[in-house]
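Letters go in sequence order (proteins before strands), and every chain restarts at 1. All values derive from a computational prediction rather than experimental measurement.
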There are 2 protein chains.
Amino acid sequence: MSYLDRMTSDDAPVIGRSGSYAKGVARRREILDRAIEVFTERGADGTSLRRIAQALGVSHAALLHYFDSREQLLVAVYEHAEARRDEENHGHRPERAVDVMVEAAMLNVEVPGLVQLYSTLVAAALEADSSASKSFFTTRFENVREQLTNDLRRDQEAGLVRDDVDAKDVAALIVAASDGLQIQWLLEPSIGLQETLRAFSALLAPPAAR
Amino acid sequence: MSYLDRMTSDDAPVIGRSGSYAKGVARRREILDRAIEVFTERGADGTSLRRIAQALGVSHAALLHYFDSREQLLVAVYEHAEARRDEENHGHRPERAVDVMVEAAMLNVEVPGLVQLYSTLVAAALEADSSASKSFFTTRFENVREQLTNDLRRDQEAGLVRDDVDAKDVAALIVAASDGLQIQWLLEPSIGLQETLRAFSALLAPPAAR
DNA sequence: CATAAATACCTCCAGGCGGAGGCTTTTCTG
DNA sequence: CAGAAAAGCCTCCGCCTGGAGGTATTTATG
C-alpha cells in the first residue's frame, strides 16, 4: 500500500507519511512543533529543511523520511498551526456567518508568521505542477466556501443578511476579502483590520436594518 | 549618487540600476521581456537568474549588473508586465470606480503567470527583511487605496455608491477582494470571477437603486 | 581625438538548498 | 521468535544565489 492510498483512505487523513507506529506519529508532531517555531523566528526563506533539522539535532534528510518534500512539510505545518489556533478558540461562535470570518482574520494576524506561511503556500499552489499545496488549497477553498455558503443561506432566511445577492458569490467574496486584508494589514497596520472587515459586514446588512 | 537616490528622485523612477546610457536602458527592457516569458513558461521556482540569463545568451552575473538581486528583478518584471497590461487597455474607463477594479482583475487573470508572480512577490514582501518587494508593495497598496478612495468619494457624492460606509474601508476591501478572488479563480475557475465581482459591485449600489 | 569613467560582461567561488539512494536499528505482527 | 515493515539517519549530487575580481567595450568630455 503506497502512502497515496493511505492519504485518500478515510482512516488516516494526514499530510505526509502517516507513521503507523506510535513513536513515528509522536516524532512527526514533534517535527511540526519545532518547524513552526523556526518559521516564526526566521520567516519562510529561513525555514529550510536543514534549519529545522538542526533545531531537532538531526540531518535534513531525516525530515524527508516523514514528508515527501519541503513543500509538503510546510503545508502540514500550516494545517497544524491552524488547528491549534482553532483549538484555543473553540466555543466562540458569533451570530452571523460573516462575523466568523472576521474573527478568524483577527486571530490569524496575531499568530506570528501564519499569514506569511499562508501566502507563501498559496503562491506555491499557483505553480503549474506543485501537487502538494495545490490540492490542499483547492479543497480548502472549496470546503470553506461551501460551509460559508450554507451558513449565509441560513442567515438570509433568518433575515440577518440581505437576500438580493447570491450566497455563493458572497462566500467567495468574504474569503477573498479576509485573505487580502490580512496581507494589507501586515504591510500597513494603520488600515484597521477590524473596522474594515466590519464595513464589509455592514454591506451585508438587510435593507430593513437601515 | 547611489541607485537609491535615483529611485527617489523624480526623473528616473526605475527599479534597479537605471542605466543612464541609452543602450543600457534598452538592454534592461530586453531582459524584462525575456524574463516574463521565462516566468510564464517555468513558473516562479523555475525562474532562476541562470535560466533567464540562458534565454538571453549571457551569464547570470550579467543580470546582477542590472538588478541588485533576483527579487528586485522579479519586482521589475511585475511592474513591466503590469504597465504593458495597462498600455494595451488604456482609454477604457467604466462609470464607477469599483468597476475599474473589476475589469483590472479580469485582465490580470488573462496574462499567464501574472497573478502567480504577484502572489509570489507579496509573499516575499511579508518576509521580515525583504526590502525589495516590501517597499514596492507597501507603496503600491497605499497608492491604489488612495486613488480608489478618492474615486469612491466622488461616486458617493454623485449618488452612484451608497454613502453609509467609509470610502477608505471600501477601497481596502475592493483591493483585497480583487486580489483574493483572482487566486481563488486560478485554483477553481468555476467560481466565476466576473459574476462574483459584480456581486460586490451590487453590494455597493445605493439604497435608492433597489 | 585622446583618455578617463562608466558599462557590460565573464569566470570562479562560497555557502546553502532540496532530493535520491542506501544503510542500520527498532518495532510490530503472524 | 522470525521476518517484514517502519523508523531513523547519512552521504552524495546537482542546482541555486550572491558576490569578488578581472577584462574588454562603449561613452562622454576636455
Side-chain angles (χ1 to χ4, degrees), chain A residues 1-3 5-6 12 14 16-31 34-35 38-39 42-77 120-121 124 127 129-133, chain B residues 1-3 6 12 14 16-31 34-35 38-39 42-75 120 124 127 129-133:
Chain A
M1 179 159 98
S2 81
Y3 115 83
D5 295 325
R6 230 174 290 130
V14 193
R17 289 188 177 80
S18 74
S20 52
Y21 295 176
K23 200 168 178 179
V25 175
R27 186 72 167 144
R28 223 190 86 98
R29 202 180 312 269
E30 206 178 325
I31 291 174
R34 294 299 271 167
V38 173
F39 194 96
R42 338 235 357 169
D45 262 23
T47 307
S48 64
L49 291 178
R50 278 175 170 80
R51 193 86 69 180
I52 302 169
Q54 195 182 14
L56 287 154
V58 299
S59 94
H60 80 280
L63 304 183
L64 292 177
H65 180 70
Y66 296 89
F67 303 91
D68 285 347
S69 68
R70 173 179 182 262
E71 191 184 337
Q72 195 183 71
L73 167 58
L74 288 185
V75 170
V77 167
T120 304
L121 292 177
E127 199 87 8
D129 44 346
S130 154
S131 51
S133 29
Chain B
M1 178 156 102
S2 81
Y3 115 84
R6 231 173 289 133
V14 194
R17 289 188 177 78
S18 74
S20 52
Y21 293 176
K23 201 168 178 180
V25 175
R27 186 69 166 145
R28 225 190 85 98
R29 203 180 312 270
E30 207 177 325
I31 292 173
R34 293 300 270 167
V38 174
F39 195 96
R42 335 231 7 161
D45 264 22
T47 307
S48 65
L49 290 178
R50 276 175 170 78
R51 196 122 12 214
I52 302 169
Q54 195 183 16
L56 287 156
V58 297
S59 89
H60 81 280
L63 303 182
L64 291 177
H65 179 69
Y66 294 89
F67 303 91
D68 286 345
S69 68
R70 173 179 182 262
E71 191 184 337
Q72 194 183 73
L73 167 59
L74 288 184
V75 171
T120 304
E127 199 86 7
D129 44 346
S130 152
S131 51
S133 30

Practice task
Using the test side-chain contact (heavy atoms from CB on, under 4.5 Å), find all partners of A/Ala55 that sit at least two apart in sequence or belong to another chain.
Solution key: A/Arg34, A/Val38
Practice task
Have a look at A/Ala61 and say if it touches a base, only the backbone sugar-phosphate, or nothing, with a 4.0 Å heavy-atom cut-off.
Solution key: base
How long is the line joining [atom1] of [X] and [atom2] of [N], in whole Å?
X	N	atom1	atom2	answer
B/Arg70	C/dC17	CZ	C1'	13 Å
B/Arg27	C/dA8	CZ	C1'	9 Å
A/Leu63	C/dC17	CG	C1'	13 Å
B/His65	D/dG18	NE2	P	17 Å
B/Arg42	D/dC15	CZ	C1'	13 Å
A/His60	D/dC9	NE2	C1'	11 Å
A/Leu74	C/dG19	CG	P	10 Å

Which atoms of nucleotides 22-25 of chain D (N or O only) lie under 3.5 Å from a protein N or O atom, and what are those distances?
none

Fill in the blank from the handout: Residues in residues 49-59 of chain A with a heavy atom under 4.0 Å of DNA chain D, by number, are A/Val58, A/Ser59
Handout entry: Heavy-atom donor-acceptor pair, A/Arg51 side chain to A/Phe39 backbone, under 3.5 Å
Key = no
